[in-house]
Amino acid sequence: MNVDNVMLNLEKRLPGEPEYHQAVREVLESIVDICNQNPHFESAGLIERLIEPDRVFTFKVPWVDDEGNVHVNRGYRVQFNNAIGPYKGGLRFHPSVNISILKFLGFEQIFKNSLTTLPMGGGKGGSDFQPKGKSDKEIMRFCQAFMLELWKIIGPETDVPAGDIGVGTREIGYLYGMYKKLTHEHTGILTGKGLNWGGSLIRPEATGFGVVYFTNEMLATKGLSLKGKTVAVSGFGNVAWGAVTKLNELGAKVVTLSGPDGYVFDEEGIYGRKIDYMLELRASNEDIVQPFADEFESAVFVKDKHPWEVKCDIAIPCATQNELNSEDASNLIGNKCICLCEGANMPCMPEAIELIRQSDIIFGPGKAANAGGVATSGLEMSQNSMKLMWTKDEVDSRLHQIMHAIHQTCVKHGITPDGKVDYVKGANIAGFLKVANAMIDQGII
Ligand code: NDP
């Protein structure tokens with residue numbers, strides 16, 4: 001395989017999909033040697049088949065706001081690859097959503113889900129709808145209108161969506177209610193459900209918890225731990241909240257959170273009531289970062305800057321794609337940061353990753369590090385199928401085991417001749433091989 005040729009073709013065929021190109025190139029560069037050692041992959045057209053989604057749906061979502069005005073948004077579902085299980089991946093509601101972003105997320109999801117050890121394929125969906133500033137009733141009407149189209153193409157053995165940016169338990173509730181009404185079925189069709197109607201304990205915390213478990217595993221390879229470490233976190237959402245909670249439990253001090261318009265720095269650490277206040281602000285649907293800084297004396301709001309300029313031992317980006325650039329990476333290196341672990345999907349730009357990988361910073365890619373969310377979604381599907389509910393401890397311990405197993409797999413496939421671990425390579429190779437072998441077994445389809 002020649003990566004440049006594959007990319008040239010892809011970019012020519014699909015211009016205007018930069019995030020998707022970025023995600024494909026990163027994977028191909030990691031797996032090129034494995035592909036060249038397995039010529040039967042090439043003769044089976046494996047890469048060409050892998051980088052083309054099975055199908056992509058787009059649909060109109062008309063809805064009415066509280067003043068009676070009609071709005072039209074666009075809905076999407078990308079069913080990327082189901083070689084190892086039903087399509088699985090979140091729904092994102094955010095104005096930036098477009099087909100390039102959803103294809104990058106769906107593509108990444110294939111390998112992430114493969115790494116979890118659970119039988120789940122890759123998919124992603126969402127809408128360019130902006131939930132911020134909308135009333136609860138508007139959110140409900142939008143979710144219902146979205147599901148009026150989505151229900152035709154999903155199913156508990158076909159495609160099981162979940163939450164992502166802008167889609168939490170409330171939105172999953174409204175989506176699920178409409179699905180149930182349309183199909184007359186109460187099945188595990190969505191994950192991230194409420195606890196009283198099929199959800200799993202620990203699911204809301206799972207992505208953030210998993211990222212922290214993975215960070216700890218990486219540190220342990222160097223004889224280090226999170227205890228006493230200063231951590232910069234970005235974002236102010238579900239993943240950031242779970243990560244901050246677990247970081248505190250494990251004895252680390254979190255000093256930043258962020259939003260699109262700047263970051264909060266709190267020298268005393270973000271703990272206790274401050275974590276609860278994060279949830280309150282998130283539920284308010286309004287701006288959150290500045291009000292957070294206003295509430296606590298020790299917190300200051302730094303406008304239009306990234307938290308990566310703050311001196312920290314560990315950096316955990318938990319907001320969105322491409323939020324950490326090469327200048328940020330240089331700041332982290334200059335400040336003697338020891339570990340960067342991605343909570344969000346593809347938060348580091350390629351130039352930043354290049355700099356980080358040349359430095360001594362241990363780098364954990366999101367594909368492996370944030371897989372705890374979808375893994376716990378997989379555990380929610382298992383509980384739904386068995387019609388029972390595991391305890392908090394049971395789910396957390398399974399999550400912990402899965403993150404440990406993902407880390408071991410990354411080490412196995414990512415160990416370099418000088419004894420370092422290339423986690424990007426390890427995650428991509430391990431995630432890819434399982435899917436590739438399944439595709440070969442199943443023939444040219
Ligand atoms: P949320 O919507 O709950 O939170 C995202 C947060 O990031 C919001 O506070 C948002 O602020 C903030 N944000 C958005 N853009 C920027 C920016 N450019 N700079 C700084 N902050 C920004 O989403 P999640 O926490 O669920 O998801 C965060 C990331 O983690 C995404 O990349 C997602 O794909 C990934 N992920 C999520 C999983 C999950 O289980 N939820 C699983 C695996 C990965 P505002 O609301 O003001 O826009």
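When reading the values below, keep in mind they use all heavy atoms of this one structure, side chains included, and skip hydrogens, waters and symmetry mates. Just so you know, these numbers come straight off a predicted model, no measurement behind them.
- Residue His94 holds its NE2 atom at 12.0 Å from OG of Ser127, rounded to the nearest 0.5 Å.
- Pairs passing the salt bridge (charged side-chain N to carboxylate O under 4.0 Å, His left out) check and including a residue from residues 110-126, sequence neighbours excluded, read Lys124-Asp164.
- Arg74 meets the side chain to side chain donor-acceptor pair (under 3.5 Å) test with no other residue; sequence neighbours excluded.
- Not counting sequence neighbours, the partners of Asn248 by the side-chain contact (heavy atoms from CB on, under 4.5 Å) test are Val244, Val254, Tyr271, Ile275.
- Every residue two or more places apart in sequence or in another chain that forms a ring pair (Phe, Tyr, Trp, His ring centres under 6.0 Å) with Phe59 is listed here: Phe146.
- Among pairs with a residue in residues 384-403, those fulfilling ring pair (Phe, Tyr, Trp, His ring centres under 6.0 Å) read Tyr213-His400, at least two apart in sequence or across chains.
- Residue pairs satisfying the salt bridge (charged side-chain N to carboxylate O under 4.0 Å, His left out) criterion with at least one member in residues 5-14, sequence neighbours excluded, are listed as follows: Arg13-Glu52.
- Residue pairs meeting the salt bridge (charged side-chain N to carboxylate O under 4.0 Å, His left out) criterion with at least one member in residues 294-304, sequence neighbours excluded: Arg273-Glu295.
- For His21, the side chain to side chain donor-acceptor pair (under 3.5 Å) test picks out no residue, with sequence neighbours left out.
- Here Asn73 pairs with Trp63, Asp128 under the side chain to side chain donor-acceptor pair (under 3.5 Å) rule; sequence neighbours left out.
- Checked against side chain to side chain donor-acceptor pair (under 3.5 Å), Lys152 has the following partners two or more places apart in sequence or in another chain: Glu149.
- Taking CG of Leu115 as the start and CG of Asn428 as the end, the distance is 8.5 Å to the nearest 0.5 Å.
- For Tyr263, there are no ring pair (Phe, Tyr, Trp, His ring centres under 6.0 Å) partners, not counting sequence neighbours.
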Pairs of donor and acceptor atoms involving the side chains of residues 434-445, under 3.5 Å and at least two apart or interchain, shall be tabulated with distances.
unit_1	atom_1	unit_2	atom_2	d
Lys434	NZ	Ser114	O	3.2
Asn437	ND2	Leu433	O	3.1
Gln442	NE2	Ala83	O	2.9

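- Closest heavy-atom contact between Ala344 and Glu323: CB-OE2, 4.1 Å.
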